[in-house]
Asker: 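Submitted below is the structure of interest, expressed as structure tokens.
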Protein chains: 2
Amino acid sequence: MVREERLQIILDHVSKDNKVMLAELSEKLNVSEDTVRRDIKVLADQKLLTAVRGGAVAHSPIPHHYRAREKHDIASKKVIASKVLSFLKDGQVVLFDGGTSTLAVAESLPDDLRITVVTNSFPVASALEDHPTVEVIFAGGRLYKSSFTTIGHETINAFRNIRADLCIFGICSVHPAIGITTRDYEEAEIKKTMIEVSKETIALSTLEKINKADSYYIGPVTELDTIITDVSPDNEELSAYKEAGINII
Amino acid sequence: MVREERLQIILDHVSKDNKVMLAELSEKLNVSEDTVRRDIKVLADQKLLTAVRGGAVAHSPIPHHYRAREKHDIASKKVIASKVLSFLKDGQVVLFDGGTSTLAVAESLPDDLRITVVTNSFPVASALEDHPTVEVIFAGGRLYKSSFTTIGHETINAFRNIRADLCIFGICSVHPAIGITTRDYEEAEIKKTMIEVSKETIALSTLEKINKADSYYIGPVTELDTIITDVSPDNEELSAYKEAGINII
DNA sequence: AATTTATTTGCAAAATATTGCAATAATGTT
DNA sequence: AACATTATTGCAATATTTTGCAAATAAATT
């Protein structure tokens, strides 16, 4: 068994399951662990893999933070995002609030959609950074570091200067009698304004937030034109909203 | 199970549901909580997540990539940044323009400095995300995707609502007779406003921009109170500005 | 203040790396 | 073909790193 042969086997192994261990290879190749170690070193020097204590791992093709982002797309959010797309038409001005659901929507906007997105969410703006045709207006204000959105009266004023066609809410709690509520006071104030300046309002939600309430009031459920969830519109939990004349998707 | 494997699992877990707990991971990975803690520390050091008591949470959804967009010329920017720090005092309201020099300043602000930073630059805001005591006001407006700053009249209006103690300009061209100029029209308009609303203005520069001019005019050099460069203040290229009464550092 | 819970620190045992060296194999030179 | 030269390999002695444990701190909770 010559070295080149071993190197190839090691590479194959790494590309197959992203890691190899010294002991394992030593046995498989009938050479000492030292030799395997040295082989790995050669490959690591060529940047073909990354040597780690006890073996080697594949050279990650993309930096970690990207990788982390892609997993962020849980199935249900993709479902919701795809449902939203049918509401978006070229030329519209659309408000996006902060939140992972709206972020998922922003990330999945088709490349040829020409809308103007107005948002107070850095992640949303950031997701649209590379989008070729979407115009982004960022509503400034005091930076709320934990959620990376802006809040406060400057943000509210920024929204007040907009007339939007559509407003997309991330997940808040909705309850037929109590109305739309959220956990954060500032967030509630901003959402009130977003509803005010939009012709139409869509709320994204998951089943666990339906028929629940949080501390801060945004408005009655009748402010919502449409509720989009990850489940079938026929779900019985949603019937109360249908009766209230809300479009359930 | 090698360490790299564990790190990957932890990252995946965090990106999936935004948090992990020590006990949970300890069991899943068959290692002690201490080891998990140390693993998390490693990841936290790389800014891939944030360690918290009892586990870890996902780092901000904002991708890092523009935080680290231009890594080059770090040395001279660090020099400049350190010179700036002596101008910053607790309680001040400071305007930061977009640009890699001001970004370097933002990144090197000491942890106990309590100032309010007003900026139209996403990278600057992002760099201050983890800063414990700096308040950030973001000047909203139309997103200028290539530099990831906001521009336009909304941005200018946002700055007009501020009275700042200090304004820190990134690198523009300066010329004793022609004045302060820059390559971009929108940028020039915003910088004019920034000067207007600030008591004091500091320009960061490198030697290659001194005695040069670009297409768009911001104002006469006398608008500048201080010029900070990466070279000695005694450099003869700078003498004209000293004579104009500008503080050279 | 008392109690629980989590973190830090020092430490020792285990696992893994490094280094020098000798034996062997491969290669080149006359 | 015989010889010298060089590279590869395994081994052993010696570092270094990782890991879990326990005691001491620190932080949150009651």
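This structure is a prediction, so every number in the text was calculated from the model and none was measured. The sequence lines fix the lettering, A, B, ..., with proteins before strands; numbering per chain opens at 1.
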Asker: D:dT17 base to A:Arg53 side chain: any donor-acceptor pair below 3.5 Å?
Answerer: yes
Asker: When you measure from the side chain of A:Glu189 to the backbone of A:Glu186, do you find a donor-acceptor pair of N or O atoms at a distance under 3.5 Å?
Answerer: no
Asker: In residues 25-43 of chain B, which ones come under 4.0 Å of DNA chain C, going by heavy atoms?
Answerer: B:Arg37
Asker: Nucleotide range of DNA chain C contacted by chain B, 5' to 3', under 4.0 Å to a heavy atom?
Answerer: C:dT5 to C:dT8
Asker: Let me confirm one number: the CG-CD1 distance from A:Asp45 to A:Ile40, rounded to the nearest 0.5 Å.
Answerer: 12.0 Å
Asker: What is the bend of the helix from C:dA1-D:dT30 to C:dT30-D:dA1 when you compare the axis at one end with the axis at the other, using five pairs each and rounding to 10°?
Answerer: 40°
Asker: For A:Lys212, I'd like to know if atom NZ has over 12 heavy atoms of other residues, nucleotides or ligands within 6.0 Å.
Answerer: yes
Asker: If you assign each of B:Val52 and A:Gly55 to its closest nucleotide in DNA chain C, which residue comes earlier from the 5' end?
Answerer: B:Val52
Asker: Atom CG of A:Leu25 and atom NE2 of A:His13: how far apart are they, to the nearest 0.5 Å?
Answerer: 6.5 Å
Asker: Parallel, tilted or perpendicular, judged at 30° and 60°: which one describes the rings of A:Tyr216 and A:Tyr185?
Answerer: perpendicular
Asker: Quick check on DNA chain C: between B:Gly54 and A:Leu22, whose nearest nucleotide comes earlier from the 5' end?
Answerer: B:Gly54
Asker: Among residues at least two apart in sequence or on other chains, which ones pass side chain to side chain contact (heavy atoms under 4.5 Å, CB included) with A:Ser15?
Answerer: none
Asker: Between B:Glu135 and A:Arg142, is there a salt bridge with N-O shorter than 4.0 Å?
Answerer: yes
Asker: Suppose we screen for side chain to side chain donor-acceptor pair (under 3.5 Å). Which residues come up paired with A:Thr182, at least two apart in sequence or across chains?
Answerer: A:Glu187
Asker: Base, sugar-phosphate, or nothing for B:Val2, non-hydrogen atoms under 4.0 angstrom?
Answerer: nothing
Asker: Under 6.0 Å between ring centres: does that hold for B:Phe169 and B:Phe96?
Answerer: no
Asker: List in chain and number order the residues that pass side chain to side chain donor-acceptor pair (under 3.5 Å) with A:Asn211, two or more places apart in sequence or in another chain; answer none if no residue qualifies.
Answerer: A:Glu237, A:Tyr241
